[in-house]
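Only this structure's heavy atoms are used, side chains among them; waters, hydrogens and symmetry mates stay out. Bear in mind the structure is a predicted one, so any value in this text is a computation, not a measurement.
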Amino acid sequence: MRAVVLALTVALVVPEFALDKTYVYKYEALLLGGLPHEGLARAGIKVSSKVLLSAVTEHTFLMKLMDPLLHEYAGIWPKDPFVPATKLTSALAAQLQIPIKFEYANGVVGKVFAPAGVSPTVMNLHRGILNILQLNLKKTQNIYELQEAGVQGVCRTHYVINEDPKANHIIVTKSKDLSHCQEKIIKDIGLAYTEKCAECTERVKSLIETATYNYIMKPAAAGVLIAEATVEEVHQFSPLKTQTLAFVEIEKTPVVPIKADYLARGSLQYEFATEILQTPIELMKISDAPAQIIEILKHLVANNVAMVHDDAPLKFVQLIQLLRVATLENIEAIWAQFKDKPVYRRWLLDALPAVGTPVIVKLFKEKFLAGELTIPEFIQALVVALQMVTADLETIQLTASLALHEKIATIPALREVIMLGYGSMIAKHCVAVPTCPAELLGPIHEIAAEAISKNDIPEITLALKVLGNAGHPASLKPIMKLLPGLRTAATSLPLRIQVDAILALRNIAKKEPKLVQPVALQLVLDRALHPEVRMVACIVLFEAKPSVALISSLAGALKLETNMHVASFAYSHIKSLTRITAPDMAAVAGAANVAIKLMSRKLDRLSFRFSRALQLDFYYTPLMVGAAGSAYMINDAATILPRAVVAKARAYLAGAAADVLEIGVRTEGLQEALLQSPAADESVDRITKIKRTLRALANWKALPTNQPLASAYIKLFGQEVAFVNVDKTVIEEAIPIVTGPKPRELLKAALKALQEGIALQYAKPLLMVEVRRILPTAIGVPMELSLYTAAVAFASVNVQATITPPLPEEIETMTLEQLKKTDVQLQAEARPSVALQTFAVMGVNTALIQAAVMARGKIRTIAPGKVAARADILKGNHKVEALPVEVPEHIADVSFETLAVVRNIEEPTAERIVPLVPELAMQNAQTPADYSSSEIPDQAALRSATPFHKTLCLAVPYIEIKGCIEVHSHNAAFIRNDPLFYIIGQHSSVVLALAEGPAVERLELEVQVGPRAAERLLKQISLIDEETPEGKAFLLKLREILETEDKNVRVSSESSSSSRIISSSSSSSMSSSRMTEVRTWDVSHFICIFRLPPSWSLLLTILFFYHQLLIMSITLFCLQYMAPHGASKAVSSGSTASSFEKIQKQFLGNAVPPVFAVIARAVRVDHKLLGYQLAAYFDKPNARVQLVVSSIAENDNLKICADGAVLSKHKVTARVAWGPECQQYAVIAKAEAGVLGEFPAARLEVEWERLPIIVTTYAKKLSKHIPMAAFKAGFRLERVSNADKEIELTAALPSQRSLNPPPGNCATEYNDLLYVKRSMEFYFSVHDPRNTHMVKAHLIAKHAELSSSNAMPLVSNQKFS
């Protein structure tokens, strides 16, 4: 019985308006943008009015607004009041008060009618009111769900109807889920190449877009009356929208329509108006577009002369906006006026492609065919224009006709650009119109079929790339005809065609992954195919986001895989996917974690010589931002160079994802050419292979002509914009261009221009980013989220050259002797500057009013420079001078601020801008609910709204210039500890250059080559000779200083270990007092042979820990048992090293003059010498080179010495020392190549005599990664057993204060628990180059004599000398 009563009640819930009555309502709508926290600024608008509803017929009604008023808001919420927009209201009053007509039956709004004088913007405001009246009420249900039409489209709507008998009214609650709409009204600009990341938005629960309607209805004579209606619409990262409609009274006076034709204006759904052409960053009143375009052009040209102007990026955006409004006739008139003025012409050619209207493509076509555009200008303009233009059917047909034009067909590079752009436009059109017909690709399918029949490889390649850009599922069948294994005819095609065909499936996989996945998997598993084809198919398979079953099938098949490159590539790809955190790849990552357990772990030990895939990413869920990078390296077992390398960057932002950049390089033609050369013979050694390979590259004329040697491509946002193939034909065409007469003519013209003087000013503007999303609100006002970035780079260059004697008229007749006698002086001044502005906007954007929250960033840099250079070829003197130049106060200026902005078209100069975070924000505005769950209120109170200001300075030595950076920051972190609150506010930094001390006249860099090098040195170079009394005294003093430092930093564990050894040696006849006199020079030595056991890290630890222990033990032994026994086991290998060490002590400057000198100095007004000089010496008989860098300042003996020599055909050595007289620090390196066993080997020996702490610290950190890097690079590691269980060490004792064992081998096995690792092989040596006599000892300690006690008996069977 209750259900029946309820049903009867519901049957009455139908709003009715009597024919003879006018219903008066009070209406108010509010839209506010900003963060929902008190004390922060917000921006918005408010509309208030009386609404009169009157019935004309049973289902036709009139609605009229009375006393409408618009309000603006930009201030601190909720303290500041709304401000009436009086002038704007007056300007719109006539339109707002025109009654509109609409159909209304059973609570559903039908068609809407209005005179032509009502603008779309005002019409949308009426739709916002009518949207409240939209009620799809069912007579038999009180809770139900349906898809309901509204201002924002057809969206999922949930109804709940309740009755309140006490108040005698019915409550209807309607909730709209705006994220689930069948037909959502939305306009995206610049997002055609992005992918919707539904998984990204699902993670953030607050991103649900909802609109809630609450109605209170009272019974009336004809049905029910809407007494009150409230609407609240909420979006994450968007303004708050509210509406109220309250019943006031019923009047007898009907609403009378105006005397005009009422035209059909559509339905309840929002109609986009001029906001599409209106940029949200500035409101422009366009009265005369051509005149305003010319005015801005003149402003840009006039104000960007010496350097870029601050407002140049904003003016460039204004120019683009005006060009979008202008007609084709207007633009043609402007072009005709300025096409012969180079500066104006460049600004126009940079701005027109960014306009993005079909008019621009038509203009470029006409001007190029008329010969008014050069080929480079046309290509540059089309690359941008075809990506920016609105892709409608008219533009697609225009581009197709352009690609097929006979003039375009004669220019291959231009035709490729247009064809690729044609595919991109089809892709954009299909995004806007999901039901785009396959007939759009008809011309490309025909071109591909004809090219296949003629076996035209370049044309097939181009067609595949166009189909890949389009990404239409209808292209799958034509592409599959070129896939190997699936069609027998495809196997005869070149490998690169097969690869391009597979890559063309990538964009199709994004739309229809189920169609591509089985095709890609079949190609991967077909072992008859080329490995590169299978690996490229693997890339496509994983981009299609396969299921767990598909990835598991692949993992199971790889267990039996015989090709290690395919196995390594697939395994590394799956393993990389297990670490992916991006939401859209979460399912694939889970599947990869399952599949990796099914595969063999041995594949994880393959080196980087095998093909690999790598993927890394980062994603921050609260802000929905992230980045990902992928790299694919496809190798070939037969050659060293990789066959292909691909790198890709992907970005995530606010629920969208895009492949920002991708670069690929292939060398398959070069690989095959090398394989056909004699270098491919496996029976020869590696050196011979290298020689034959170089000979094959030199003989490029013998290379094949039917395939490219290498190719490369670049993709932006998933669309291939350019590609290049390098083949024999290209090389043959390039050689005459380089060696022919044209380069000589260019050289002659350049030299002539240099002598006359060159003054160049060049500006390059660029609209880097334009991303917009416009969506209607329930109020009928559009809300926009947009991101703009514009930049202008400017350079002013002046160059003047003086050549003595003047060059002959015919430069090609000039001889080498004439060139040697030429003196060239060059003076150049450049002032490069860059200005960049970026805007992120969220709020209302219409042609009448803008109210939004804006983040604005600015960067401006200026780096002037003035250089003078001179080249005296005859004297071998070359000098470059950096001369003083006027430096601006701010070299770099960076700022970022968040603002609340409101402006209207009637008062463009009265805009109100309020910082989002006021300087005097009070902490008591926060509430405990505002804090994060992990935050303690008392701690949060410590973060104040007080601005942060700091200045950091760094003085540049010698040139007396101090660089400072001033940082100012003021954010909203006092409200909540969240990254978003740290970002909003005002932040700025300024880089200053301040002069201090004596002025610097210039900076000089001089190079003197030849016998006059010694004359140019400003300070005589001499090194301390260790054999002279002065040298010995200097070294003794330096040694005392260093030993004192050693005592201060000596590790206590080392000293305790040494003391235990001394005290426990019962066979020693030395007293403890004698032992304290024994000191070891701090020397370390390290040899790395790239055949090391896996116990590398433990080995280094043991060597480091017992370094001092070994030295002290062996020194003790040698002091006890020194006797003239001779050296029965002299190490022959040390003779070469010893001779070089002896030669190293000789300063070449005492015997030979420097071959060249380099002087770098600062010339100051006080004539103080500051700077450095370098002298290079060459000892040809000994194949030795010595470089000495020294300071030219007085009383500064700091020097850097580099000494290198070739000891033999396969061995080189070098020594670098620095410090006072090159005696404080030193590093010696020796490199040797040869054969170790049956394998080629290389040995690197590094020896150091005291290094700075910072060097040793980072060297230790780096050494931890060497074993894994060597392992991954493919070096062989072996364990070496030690049957003799002995320690063998050959040592040299030149004095009581130093220990010098020549390089020896030490194989040991430890059983003690302290040394866990067994069977280690290593090479150890300690060396002191200052030795004057050698005492060698061969020490053997049997394993049985090694114990955990402190005693270590030593047995000697050697004689000493």
Is any side-chain heavy atom of [X] less than 4.5 Å from a side-chain heavy atom of [Y]?
| X | Y | value |
| --- | --- | --- |
| Ile849 | Thr846 | yes |
| Phe82 | Ile45 | no |
| Val51 | Met63 | yes |
| Ile905 | Leu283 | yes |
| Ile216 | Phe247 | no |
| Pro280 | Phe839 | no |
| Val792 | Lys315 | no |
| Val853 | Ile984 | no |

Among residues at least two apart in sequence or on other chains, which ones pass side-chain contact (heavy atoms from CB on, under 4.5 Å) with [X]?
| X | result |
| --- | --- |
| Ser833 | Met307, Val308, Phe794, Ile862 |
| Lys950 | Phe948, Leu952 |
| Thr789 | Met768, Val769, Leu836, Thr838 |
| Lys184 | Cys181, Glu209 |

Mind checking the [atom1]-[atom2] spacing from [X] to [Y]? Nearest 0.5 Å is all I need.
| X | Y | atom1 | atom2 | value |
| --- | --- | --- | --- | --- |
| Ile774 | Tyr270 | CD1 | OH | 7.5 Å |
| Arg127 | Ile129 | CZ | CD1 | 12.5 Å |
| Thr210 | His180 | OG1 | NE2 | 12.5 Å |
| Ile100 | Arg265 | CD1 | CZ | 9.5 Å |
| Leu322 | Thr279 | CG | OG1 | 9.0 Å |
| Lys176 | Asn131 | NZ | CG | 5.0 Å |

Closest approach of [X] to [Y] (non-hydrogen atoms, all atoms of both residues):
| X | Y | result |
| --- | --- | --- |
| Leu899 | Arg856 | CD1-NH2, 3.4 Å |
| Gly843 | Ala852 | CA-CB, 3.7 Å |
| Leu787 | Ala840 | CD1-CB, 4.1 Å |
| Glu271 | Asn124 | O-ND2, 2.8 Å |
| Asn845 | Gln850 | OD1-NE2, 2.8 Å |
| Ala43 | Ala851 | CB-C, 4.2 Å |

Checklist outcome for this item: By side-chain hydrogen bond (donor to acceptor under 3.5 Å, both in side chains), His949 pairs with (sequence neighbours left out) none
Checklist entry - Taking atom types as modelled and ignoring hydrogens, do the side chains of Gln152 and Glu233 form a donor-acceptor contact shorter than 3.5 angstrom? => result yes
Checklist entry - If we ignore angles and hydrogens, is there a donor and acceptor under 3.5 Å between the side chains of Tyr213 and Gln243? => result no
Item to check | Step-by-step side chain to side chain contact (heavy atoms under 4.5 Å, CB included) determination, Val122 to Leu96 | outcome: CA-CA 7 Å; Val122 174; Leu96 289 171; 3.7 Å; yes
For [Y], is there any backbone N or O sitting under 3.5 Å from a side-chain donor or acceptor partner on [X]?
| X | Y | result |
| --- | --- | --- |
| Ser989 | His987 | no |
| Glu784 | Arg772 | no |
| Gln837 | Asp310 | yes |
| Arg324 | Gln278 | no |
| Tyr73 | Asp80 | yes |
| Arg860 | Ala835 | no |
| Asp893 | Val990 | no |
| Asp311 | Leu314 | no |

In residues 292-302, what donor-acceptor pairs under 3.5 Å come from side-chain atoms, sequence neighbours left out?
| residue | atom | partner | partner atom | Å |
| --- | --- | --- | --- | --- |
| Gln292 | OE1 | Ser287 | N | 3.2 |
| Gln292 | OE1 | Asp288 | N | 3.4 |
| Gln292 | NE2 | Lys285 | O | 3.2 |

Checklist entry - Passes side chain to side chain contact (heavy atoms under 4.5 Å, CB included), Gln321 versus Glu282? Steps please. => result CA-CA 10 Å; Gln321 180 179 344; Glu282 192 171 19; 5.8 Å; no
Checklist entry - Looking at Thr173, Val231, Ile226, which one forms a side chain to side chain contact (heavy atoms under 4.5 Å, CB included) with Tyr215? => result Ile226
Item to check | ring-ring contact (aromatic ring centres under 6.0 Å, His included) between Phe981 and His37, worked out | outcome: CA-CA 11 Å; Phe981 288 83; His37 295 82; 5.1 Å; yes
Item to check | Arg773, CZ: over 12 other non-hydrogen atoms inside 6.0 angstrom | outcome: no
Checklist entry - Which of parallel (below 30°), tilted (30 to 60°) and perpendicular (above 60°) describes Phe316 and Trp347? => result tilted
Checklist entry - In terms of the angle between their ring planes, are Tyr652 and Tyr619 parallel, tilted or perpendicular, with boundaries placed at 30° and 60°? => result perpendicular
Checklist entry - Step by step, would you call Val151 with Ile185 a side chain to side chain contact (heavy atoms under 4.5 Å, CB included)? => result CA-CA 8 Å; Val151 174; Ile185 307 299; over 6 Å; no
Item to check | Ionic contact status for Lys174 with Glu148, cut-off 4.0 Å | outcome: yes
Next on the checklist: Go through it in stages, so that I can follow the logic: the residues are Lys187 and Glu275, the test is side chain to side chain contact (heavy atoms under 4.5 Å, CB included), and I'd like the CA-CA distance, side-chain angles, deciding distance and then a yes or no.
Outcome noted: CA-CA 11 Å; Lys187 190 73 174 181; Glu275 62 266 17; over 6 Å; no
